[in-house]
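Input: a single structure, listed below in structure tokens.
Order of the sequence lines sets the chain letters (A, B, ...), proteins ahead of strands, with each chain counted from 1.
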There are 2 protein chains.
Amino acid sequence: MATIKDIAKKAGVSISTVSYALNNSPKISQKTKEKIWKIANELNYQPNTFARSLKGKKRNLIGLVVHEIRGPYYQELVRGIQDVAVMYGYNLIIFCELENKEAASVDLLNNKIVDGALLLSSHITREHIEMLSKRDIPLVLMDRKIKMPKVSSVIINNQKGGKIVARHLYELGHRRIGYMHGALDSMEDKTRFKGFKNELKNKGINIDKRDILNGNFTEESGYKAMKNYLEKNGNNIATAFFCANDEMAIGAISAIKEFGLNVPQDISIVGFDNILLSTYITPKLTTIKRPVYDLGKFAAYQLLNMLDGKSSEEVSIELDVELVIRESTEKPRNV
Amino acid sequence: MATIKDIAKKAGVSISTVSYALNNSPKISQKTKEKIWKIANELNYQPNTFARSLKGKKRNLIGLVVHEIRGPYYQELVRGIQDVAVMYGYNLIIFCELENKEAASVDLLNNKIVDGALLLSSHITREHIEMLSKRDIPLVLMDRKIKMPKVSSVIINNQKGGKIVARHLYELGHRRIGYMHGALDSMEDKTRFKGFKNELKNKGINIDKRDILNGNFTEESGYKAMKNYLEKNGNNIATAFFCANDEMAIGAISAIKEFGLNVPQDISIVGFDNILLSTYITPKLTTIKRPVYDLGKFAAYQLLNMLDGKSSEEVSIELDVELVIRESTEKPRNV
DNA sequence: CTGAAAGCGCTTACAG
DNA sequence: CTGAAAGCGCTTACAG
């Protein structure tokens, strides 16, 4: 491994000169610079980033912390982030959280391997974020909001998602409408439900307690919750359901079919996320599409602005969702 | 940021003692160690990994380089890698290749941000791998084989995959069988085809040139290639097709249905990969399952052994595939 | 325009 | 069992 020392010796100059030259400082004459560059090339010189970082230099590296890598969601997200990062001359690395070792990624951030990070993992506690914030590591939270120095956030308007689902079902003529929870401790679930419930209330509709089901965001849980519901309530059921995500909606549809009912004729179903599968099942799923690419883009943009010192202010951006109407919703039978 | 200097001052000892104590060296007395550990804790001390790396210390970090993040494939792969990495006390970071900037991830490796890496990206050239090999950065190639110092590889037996598909279709009674290429320059496609063709030849069957279609691994290309084939050849067609991946197989099935024929009654279809969608389409797809979790596991295992100096030898591991018979294959009509 | 020197935060032979 | 000191490869005021 060639170092600046080797270059200095070969060029017959001091290491300071080499360092300045390699950083293209105006202090050094063009002639000397060129000589040094040439030698650096010959020696296949690669700067040691650790030595550089020790002196407090930026690394032009940002991190993305996720707790899982799955589906087209991440692909788009990463694309959104990278498109911006490249423009700014930064590289991206991804940390995939370990289920039972959240500290791992925090350590990585603590070690300043990256200049700043985008956090999508809900596993990282508020305390850890606070610690990173105190250490001046710029952070952008995705799908989550915490007010702290050096911490910005970009969230998706889940509440509005719930609202437009409510409006869609109401306008089709549904009056008895149910909801399937994903997880009771999930912010996303909570805000989706809130927007949904409030909008229905505005229209004079209260969700019947019997029509509130509980799943855990998986297809199987959606299947079970719906099956259980149908077996218990027979024909006295809601004419439409909003499920907190697509996976559960797909499970629910299976259960409905198996029970001998039809979607959407007997029950309309709406999901959330617009996953790839939602267009492959029968009937195609009506759902809410999240601007995932934009989520990545705005988050990266915000992070890089913080890193470049352009906007020292923490900001909080909210992105809008969109209703995608397909085949799983229709007016109820009696309308 | 507390440093060992701060700890030393507070403890009234030298920085060497602090360093030894923090590294739990037997040289230091238990009493001193405990005092130092306590102070380190109080000061919320975090070692500076750059300083450490500068001295040539390992970072206990490995990297995975991919050119795209998609689908359940990566999720399983990452899980396989992490399960092993955790056992060895290593963390994983993922570099997502940029389409037009392959050098980016090579730079990252060159900078020794990680101790070693797993390479899944075919974009990284042989020259770059050679350069990394020369710099003594242990590498494990996945789905690719290059003989070089410090470079191991774990590959999936694509050839066998082709072979067992051929055998399956032959045993069902098919005698005129076609193949749909994914990409002509893809090693994976090539070896799948090779295994397929050779096995058919062993059975006395030569693939008719007309029955060899060309796609590009996407669903759309599979749809187009099959549509085109059917329109051109009318009823004089193969009774079964092996498509180089599931996406194309799914596209092909759409085209066949649209043309008014049935799968598997008129044409049997086999894919490769066993993606999630393959069980959701109608008919469910017969396909080849790759041991993706194991791919990650073995690759990580090999890398960590190289890092720990347990096996300085480069190895090349080959993993077996498996036929998953579902609904898209059946004996041909005339049998 | 160039160089000598201090220093970033650690590790580790060496001496005692 | 503990400490003084060199050194890892850079950057950067400072002096000339």
Side-chain angles (χ1 to χ4, degrees), chain A residues 1-40 43-61 107-113 115 135-137, chain B residues 1-40 43-61 107-113 115 135-137:
Chain A
M1 274 308 302
T3 67
I4 53 169
K5 222 168 163 179
D6 302 319
I7 300 177
K9 200 187 285 176
K10 204 156 183 181
V13 298
S14 73
I15 59 158
S16 339
T17 303
V18 174
S19 176
Y20 285 126
L22 291 174
N23 287 307
N24 204 8
S25 156
K27 294 179 169 184
I28 308 295
S29 73
Q30 195 59 26
K31 209 176 138 196
T32 313
K33 273 187 199 172
E34 270 160 17
K35 186 168 72 179
I36 289 172
W37 291 341
K38 194 164 155 262
I39 294 174
L43 296 178
N44 204 351
Y45 171 74
Q46 293 282 347
N48 180 321
T49 54
F50 300 131
R52 213 172 230 176
S53 300
L54 237 198
K55 297 292 290 181
K57 278 273 173 181
K58 275 200 321 184
R59 314 188 47 117
N60 282 12
L61 237 197
D107 273 359
L108 252 18
L109 295 179
N110 242 328
N111 283 337
K112 300 223 184 188
I113 282 177
D115 299 325
R135 297 197 60 201
D136 263 0
I137 297 172
Chain B
M1 277 308 302
T3 68
I4 53 169
K5 221 168 164 180
D6 303 319
I7 300 177
K9 199 188 284 174
K10 204 155 183 181
V13 297
S14 74
I15 60 158
S16 338
T17 302
V18 174
S19 176
Y20 285 125
L22 292 173
N23 288 306
N24 202 9
S25 156
K27 295 179 167 181
I28 309 295
S29 73
Q30 196 59 27
K31 206 175 138 198
T32 313
K33 274 187 199 171
E34 270 161 17
K35 185 168 73 179
I36 288 172
W37 290 341
K38 192 163 155 261
I39 294 173
L43 296 178
N44 204 351
Y45 172 75
Q46 292 283 347
N48 181 321
T49 54
F50 299 132
R52 214 171 229 175
S53 300
L54 238 199
K55 295 294 287 183
K57 279 273 174 181
K58 275 200 324 185
R59 320 196 70 201
N60 284 8
L61 236 197
D107 271 0
L108 251 19
L109 296 178
N110 242 327
N111 282 337
K112 300 223 185 189
I113 283 179
D115 299 324
R135 297 196 62 198
D136 263 359
I137 298 172

Requested in this report: Measure from CD1 on B:I15 to P on D:dC1 and round the result to the nearest Å.
Outcome: 21 Å
**Report entry** Phosphate contact (D:dA13 OP1 or OP2) by A:Y20 side-chain N/O below 4.0 Å
**Finding:** no
Query - A:K5 NZ to D:dA6 P, straight-line distance once rounded to whole Å - result: 14 Å
**Report entry** Phosphate OP1/OP2 of D:dT11: any A:R52 side-chain N/O under 4.0 Å
**Finding:** yes
Query - Student check: side-chain heavy atoms of B:I4 and B:Y45 closer than 4.5 Å - result: yes
Query - Assigned partner base of C:dA4, Watson-Crick or wobble definition, under 3.5 Å - result: none
**Report entry** Distance-only donor-acceptor check, side chains A:T17 and A:S14, under 3.5 Å
**Finding:** yes
Requested in this report: Could you check whether A:T32 gets within reach of a base, just the sugar-phosphate, or nothing at all, counting any heavy atom under 4.0 Å?
Outcome: sugar-phosphate
**Report entry** Donor-acceptor pair under 3.5 Å, A:K55 side chain vs D:dG9 base
**Finding:** no
Query raised in the report: Does a nitrogen or oxygen in the side chain of A:N48 sit under 4.0 Å from OP1 or OP2 of D:dC8?
Result: no
Query raised in the report: Would you say the side chain of A:D6 lies within less than 4.5 Å of the side chain of A:T3, judging by non-hydrogen atoms?
Result: yes
Query raised in the report: Between C:dC10 atom P and B:L22 atom CG, what is the distance in whole Å?
Result: 9 Å
Report task. Specify the closest pair of heavy atoms between B:N60 and B:D115, including all atoms of both residues, with the distance to one decimal. Result -> N-OD2, 2.6 Å
Requested in this report: Count the heavy atoms of every other residue, nucleotide or ligand shown that sit under 6.0 Å from NZ of B:K58, and state whether that count exceeds 12.
Outcome: yes
Query raised in the report: Is B:S29 near enough to D:dC1 that one of its side-chain N or O atoms lies under 4.0 angstrom from OP1 or OP2?
Result: no
Report task. Look at the side-chain N and O atoms of A:S19 and state whether any lies under 4.0 Å from the OP1 or OP2 oxygen of D:dC10. Result -> no
Query raised in the report: Does B:I28 or A:Y45 map to a spot on DNA chain D nearer the 5' end, using the closest nucleotide for each?
Result: B:I28
Report task. Taking only the side-chain nitrogens and oxygens of A:K57, find out if one of them lies under 4.0 Å from OP1 or OP2 of D:dT12. Result -> yes
Query raised in the report: B:S16 near the nucleic acid: base, sugar-phosphate alone, or nothing, with a heavy-atom cut-off under 4.0 Å?
Result: base
Requested in this report: Assign each of B:Q46 and A:Q30 to its nearest nucleotide of DNA chain C by heavy atoms, then name whichever residue's nucleotide is nearer the 5' end.
Outcome: A:Q30
Query raised in the report: What integer distance in Å separates B:F50:CZ from D:dT11:C1'?
Result: 15 Å
**Report entry** B:F50 side chain reached by A:N48 side chain, heavy atoms, under 4.5 Å
**Finding:** no
Query raised in the report: Expressed in angstrom and rounded to an integer, what is the separation of B:K31 atom NZ from D:dC1 atom P?
Result: 12 Å
Requested in this report: Check the distance between C:dT2's P and A:I4's CD1 and give it to me in whole angstrom.
Outcome: 16 Å
Query - Atom-pair distance (CG on A:L54; P on D:dG7), nearest Å - result: 17 Å
**Report entry** Euclidean distance, atom NZ of residue A:K27 to atom P of D:dA15 [Å, nearest integer]
**Finding:** 12 Å
Requested in this report: Return the nucleotide paired to C:dA13: Watson-Crick means purine N1 to pyrimidine N3 with N6-O4 or O6-N4, wobble means G-U with N1-O2 and O6-N3, both under 3.5 Å.
Outcome: none
Query raised in the report: Donor-acceptor pair under 3.5 Å: do we get one between B:S14's side chain and the base of D:dA4?
Result: no
